[in-house]
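For reference, the structure discussed in these notes is given below.
Every chain is numbered from 1 and lettered A, B, ... according to where its sequence line falls, protein lines coming before strand lines.
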2 protein chains.
Amino acid sequence: MRDHELPEVRRLPLFRNMLAENFESLMRASYAQTFPAQLEMVRQGDPADLLHIVVEGAVELFSEWNGHQSTMAVVRPVGSFILAACIKDQPYLMSARTMARTRIILVPASDIRSVFRRDMEFAVSCMNELAGCYRAVVRHAKALKLRNSHERIAAYLYRQSRYAGDVATFTLTVEKRLLASYLGMTAENLSRALKALEADGVKVDGSRVIITDREKLKAIARPDYLIDGPDWDGSTSGVALPFPRNEEG
Amino acid sequence: MRDHELPEVRRLPLFRNMLAENFESLMRASYAQTFPAQLEMVRQGDPADLLHIVVEGAVELFSEWNGHQSTMAVVRPVGSFILAACIKDQPYLMSARTMARTRIILVPASDIRSVFRRDMEFAVSCMNELAGCYRAVVRHAKALKLRNSHERIAAYLYRQSRYAGDVATFTLTVEKRLLASYLGMTAENLSRALKALEADGVKVDGSRVIITDREKLKAIARPDYLIDGPDWDGSTSGVALPFPRNEEG
DNA sequence: CGAACCCTTGACAGAAATCAACTAAGGTGG
DNA sequence: CCACCTTAGTTGATTTCTGTCAAGGGTTCG
């Protein structure tokens, strides 16, 4: 593991409150690894024995069924994933693949479980992390069930603009095909919907997004704290980032 | 609180491992209440200050946005809900209403938070509960994104039959309109889909479900452990029951 | 330069929502 | 007991939304 990495990991909400001694013990049991782009590092259904922490690059969490795939989340540095599977010692519900060359720290699930039994602060952090992840997925499900595709895209773009500081122009952080899958539609559909949204105050040119009429876009999106999440409260290691930094728990 | 209730609550995975003394302290701070049917007892967006435990009746968790509603889960005895909001001390993401006359035990969130800081077993139970709830919602989201409506219904009916002990005949535990909303479709659509499924090995007459060709139904449903959940592992107080007993955390 | 790959566009088919009407069952009150 | 009302569920007609298939433009990269 590299010198600068440890302090970064230590700063994660998940680890920042635990005893230094326990943190070090966890890290001694861990190891870092660098993966090339487009590598499927976790396969859904596999037994969960390692907590993953992304320190460089980006990871897509996705699901498969009957030949179809769906993007569930994107994890960026510094964020963790598959905490829940580790805690319950049960198979992964999602697969994970690198979106670029990615560096990951791998923490054995058994160490996680034994450390939180002797470090209450770590246990509390895990709980907060899990609760945050839970709430993030509930929001995702709410968006899928309550909004149609145009509304989901509008809300996504509006939120992105907010995160970027209420700017009128920004660039998409992910490929459109992935965004489409995340938002629960086909790439073709997203393409058409984006074109249609030009009448509603937002223009997309390549990966460049230009909000031409903020109020109009907002009227379509109807952003809602209980779906789109806080503007950014920093309480969890990643929920509600441009793309949620941390989703699996 | 009634005599028979305390032992039942104590038997919940969430409470069964904690020290008796702490359990009693929690319960002393709690109170029970009986609500009539169709009462909205929790409104999304409200501050979360009480953990709810259903000891009699049934509760629907649902979300609202822009005039539309969607059923997210049903909680039956003995199951808890809104643990996550209590732990994070943040507003409810879902509303709750009684489906029948319902008896609820209300545990102050502040007591929950203070007790799990001094009772590691309780903290571990909370974590397991949260992790279980998280996984349940991930499954729900996967079903919504990966299956179409016919497949979702088929999988639901197949699973119900499994829970009932692989029987060929059983009755629906919820109204069809609610089931439709839970499965992410309109009531009209559910009605038509059920009729269409008669060609695929299952007949529904009122609330009576008769599986006429198990293999045919299974072929449509393609049940998947990573979406439909375990047949029943008992590890959480409710995930994956006929209707998940416990979903919010 | 060619081969992938991403994105877009068009035409079409299929899925699902909406609107409206109607039935059946349960409950209420005369 | 019956007329009445309410509500869940069904059915049909229709529109809207969304996925699928096919083709082509533009980029990137070996």
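Taking only side-chain atoms of A/Thr186, from C-beta outward, the nucleotide of C/dC7, D/dG19, D/dA8 with the closest atom is D/dG19.
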Walk me through it: do A/Glu8 and A/Arg2 pass the test salt bridge (Lys or Arg N to Asp or Glu O under 4.0 Å)? CA-CA 11 Å; A/Glu8 280 175 14; A/Arg2 295 163 191 163; over 6 Å; no
Please step through salt bridge (Lys or Arg N to Asp or Glu O under 4.0 Å) for the pair B/Arg147 and B/Asp228, ending with a clear verdict. CA-CA 12 Å; B/Arg147 300 211 262 230; B/Asp228 303 299; 2.4 Å; yes
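Backbone-only contact: A/Glu175 has heavy atoms under 4.0 Å from sugar-phosphate atoms and none from a base.
The nearest whole Å value for the distance from the CD1 atom in A/Ile153 to the P atom in D/dT18 is 9 Å. As a whole-Å value, the separation of B/Arg177 CZ from D/dT6 P is 15 Å. At whole-Å resolution of the value, CG in A/Leu179 and P in C/dT8 are 11 Å apart. Atom CD in B/Glu151 sits roughly 13 Å away from atom P in D/dG19 (whole-Å rounding). Taking atom NE2 of A/His150 as the reference point, atom C1' of D/dG19 lies 14 Å away to the nearest angstrom. Taking atom CZ of residue B/Arg147 and atom P of nucleotide C/dG14, one finds them 23 Å apart after rounding to whole Å. Separating the CZ atom of B/Arg152 from the C1' atom of C/dA15 is a distance of 11 Å, rounded to the nearest angstrom. At whole-Å resolution of the value, CG in B/Leu144 and P in D/dT18 are 14 Å apart.
Annotation: B/Arg214, atom CZ; neighbour count of heavy atoms from other residues, nucleotides and ligands within 6.0 Å is above 12.
Residue whose closest nucleotide on DNA chain D sits further toward the 5' end, between A/Glu188 and A/Asn148: A/Asn148.
For the pair B/Arg43 and B/Tyr92, the cation does not sit on the ring face, since its NZ or CZ is not both under 6.0 Å from the ring centre and inside 45° of the axis. Remark: B/Arg208 fails to qualify as a cation-pi partner of B/Phe170 under the 6.0 Å distance and 45° angle criteria applied to the six-membered ring.
Distances shown here put a side-chain N or O of A/Asn189 below 4.0 Å from the OP1 or OP2 atom of D/dG19.
Of the residues in residues 190-203 of chain B, those with a non-hydrogen atom less than 4.0 angstrom from any atom of DNA chain D are B/Ser191, B/Arg192, B/Lys195.
Using a 4.0 Å cut-off between charged nitrogen and carboxylate oxygen, B/Glu5 and B/Arg103 count as a salt-bridge pair.
For A/His140 and A/Lys145, the side-chain atoms include no donor-acceptor pair closer than 3.5 Å.
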